[in-house]
Amino acid sequence: MNGYGGQILRVNLNEKKMKKEPLDPKLARDYLGGRGFGIYFLYTEVPKGADPLGPENKLIASSGPLSGTLVPGAGKMDFTCKSPLTGGYASSSVGGHITAELKYAGYDSIILEGASDSPLYLFIEDEKVELRDASDLWGKGSLTVERELKRRLGEDFQIVTIGPGGENLVKYACITHDFGRQAGRGGVGAVMGSKLLKAIAVRGTKSIPVADPKALLEVSRKMYAACKSSGAFEVWWKYGTSGVNAWSNEVGSFPTMNFRSGRLEGYESLSGEVMREKIVVTDKACFGCPSPCGKWSHSRKYNIRIEGPEYETTALIGGNCALTDIEDIAYANWLCDELGIDTISTGNCIGFAMECFERGIITTEETDGLNLRWGDAEVVFTLIEKIAKREGIGDVLAEGVRYASQVWGKGSEEFAMHVKGMEISGYESRWAPAMMLSYCLCDVGGHHNRAWAITYDLEVGRDKITPDKASKVIELQAIRPLIGDCFGACRLQWVELGLDLGFYAPILKAITGLERSWEDLLKISERIWNLTRIYWVREVEGFGRKFDYPPPRWMEEPLPSGPGKGKFIPKEDIDKLLDWYYEQRGWDENGIPTKGKLEEMGLLELVERGGL
Ligand code: SF4
């Protein structure tokens with residue numbers, strides 16, 4: 001099939017058996033690839049009520065039709081499973097090179113089933129697929145294992161790994177690739193750990209069949225030229241996401257001390273300029289990227305080399321725990337990467353524990369004798385290790401802030417910063433209604449990447465509570481996951497460099513040969529969005545509106561300082577936003593897709609078959 005590897009690789013870890021199945025053209029037509037394939041397999045193959053960390057759950061790794069082609073940034077791979085953190089849908093993508101390698105080996109998805117009884121890694125070299133013993137790698141860090149497997153197999157192999165966090169089933173363990181890129185959210189690494197799968201190593205030497213190579217070359221040349229001539233190119237290339245640090249503080253959206261406020265005192269020391277001057281050694285890009293946002297850094301203070309810290313890590317490990325030295329944040333970042341835990345959830349959990357300690361909700365009895373002081377880097381390092389190893393207080397924090405607030409109680413639920421059980425990522429939103437709604441309605445929980453709507457709030461007015469805010473969130477939720485998580489290409493060339501969306505339908509046609517308008521593609525994205533919502537309804541008892549609210553802090557506590565001082569969005573305004581959103585989505589007042597909507601999306605039969 002043009003544009004695709006052409007095969008689905010099924011790996012049963014119980015029986016140690018592999019099966020290759022031809023890619024169903026109907027699946028490619030209706031779900032495109034990436035997270036589209038992921039939710040289709042998850043919904044149709046993982047039984048209702050499956051234990052996320054049991055053998056019934058499946059981990060599905062998928063490339064997309066643009067992955068590994070000449071499209072700028074064609075290096076994104078999606079991991080989908082039932083989330084051990086939220087109990088609902090998890091989809092987390094990683095950049096780098098493995099998605100291209102997987103296509104060159106002739107596969108679009110790997111479906112990992114069952115669970116092994118001893119540590120293994122999956123070896124793929126074109127048609128040769130083997131499960132190999134990984135006993136000697138178990139217990140080692142993600143970065144260490146990637147280096148070791150490259151030494152054993154060769155530099156041409158692309159590798160994903162889990163660290164001790166994944167082995168110990170930390171609910172927000174990640175899957176690491178390319179020495180610092182992460183499929184970080186929702187606990188995909190814990191699911192891999194539950195299967196006793198330490199790593200996947202892939203080498204492919206085939207070509208991707210392309211419908212119209214001449215047209216592909218022509219359109220991709222234009223896309224690269226447009227990226228390079230963008231006015232935003234130089235700043236993006238120079239600072240990557242760290243360029244956002246100062247801006248986020250200036251607009252008052254930088255998570256500070258467990259989202260207590262939106263501006264960190266001393267934030268200037270974390271700016272992209274300071275980071276570039278102090279620790280950045282060179283730039284680092286994903287497959288085929290013209291605008292490398294990755295920054296390869298060296299901390300002399302700790303003698304470590306690392307990709308990052310990127311914005312989210314600086315926000316959650318830095319601002320949220322009140323660290324203001326970029327080298328401390330870089331070391332904490334390195335620890336999280338090596339131990340294989342998500343920096344966003346980790347920074348959130350540590351900030352939450354620090355606030356609980358400050359308020360006397362927990363004492364040194366619960367903290368293994370540690371004084372959890374804001375801004376204490378040594379405490380942050382110790383807690384990261386404790387979380388990954390599930391030692392003492394780390395065992396509580398390894399379950400996420402929702403769980404920790406239930407254990408510690410005493411009103412801590414009011415400032416446990418999560419949506420649907422997923423810790424909120426890097427944007428304080430009490431003065432940004434569209435961004436707040438984006439968190440409320442993100443299909444994996446409190447994550448920003450489906451709809452980064454804060455710039456819309458700034459553009460049209462941050463106080464406005466109007467139906468267009470819901471429309472903008474829906475629009476972004478259709479486009480952003482379509483490019484990044486279905487096509488298998490990076491969306492940042494569009495977001496940051498203003499690449500024209502009009503390129504995508506023609507280049508998809510040149511690659512696959514299928515004529516699809518941009519509207520057709522958005523429809524597919526909407527179908528996937530509705531199916532992910534139905535998955536939540538199927539898996540989480542009583543799911544509906546009550547799961548779509550932000551944490552109480554955001555609805556009740558005015559911002560204490562910064563440009564948004566005094567602002568918050570009360571529940572009645574959140575309800576207005578939810579009503580507009582549900583209505584525009586074609587969902588009922590409880591946020592459930594109606595029968596008519598499912599019919600319109602071509603999902604009714606599948607949903608009924610899937611046992612809603
Ligand atoms: S912009 Fe960044 S994330 Fe996107 S492809 Fe380039 S290096 Fe990767």
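First listed ligand is number 1; within each ligand, the first listed atom is number 1.
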Is there a heavy atom in R491 that sits closer than 4.0 Å to ligand 1?
no
Logged contact type for R181 with ligand 1, heavy-atom cut-off 4.0 Å, is side chain
Return the orientation label for the Y331 and Y302 ring planes: parallel under 30°, perpendicular over 60°, tilted otherwise.
parallel
Starting from atom 6 (Fe) of ligand 1, count all protein N, O or S atoms within a radius below 2.8 Å.
1
Lys/Arg cation over aromatic W237: R276, 6.0 Å, 45° cone:
yes
Taking NZ, NE, NH1 and NH2 as the nitrogens, is one of them in D328 or K301 under 4.0 Å from a carboxylate oxygen of the other?
yes
How are the rings of Y504 and F487 set to each other: parallel, tilted or perpendicular (split at 30° and 60°)?
parallel
Going by an N to O cut-off under 4.0 Å, is there a salt bridge joining E125 and R203?
no
Specify whether F41 and F37 have parallel, tilted or perpendicular ring planes, treating 30° as the upper limit for parallel and 60° as the lower limit for perpendicular.
perpendicular
Return yes if a side-chain donor-acceptor contact under 3.5 Å exists between T176 and Q182, otherwise no.
yes
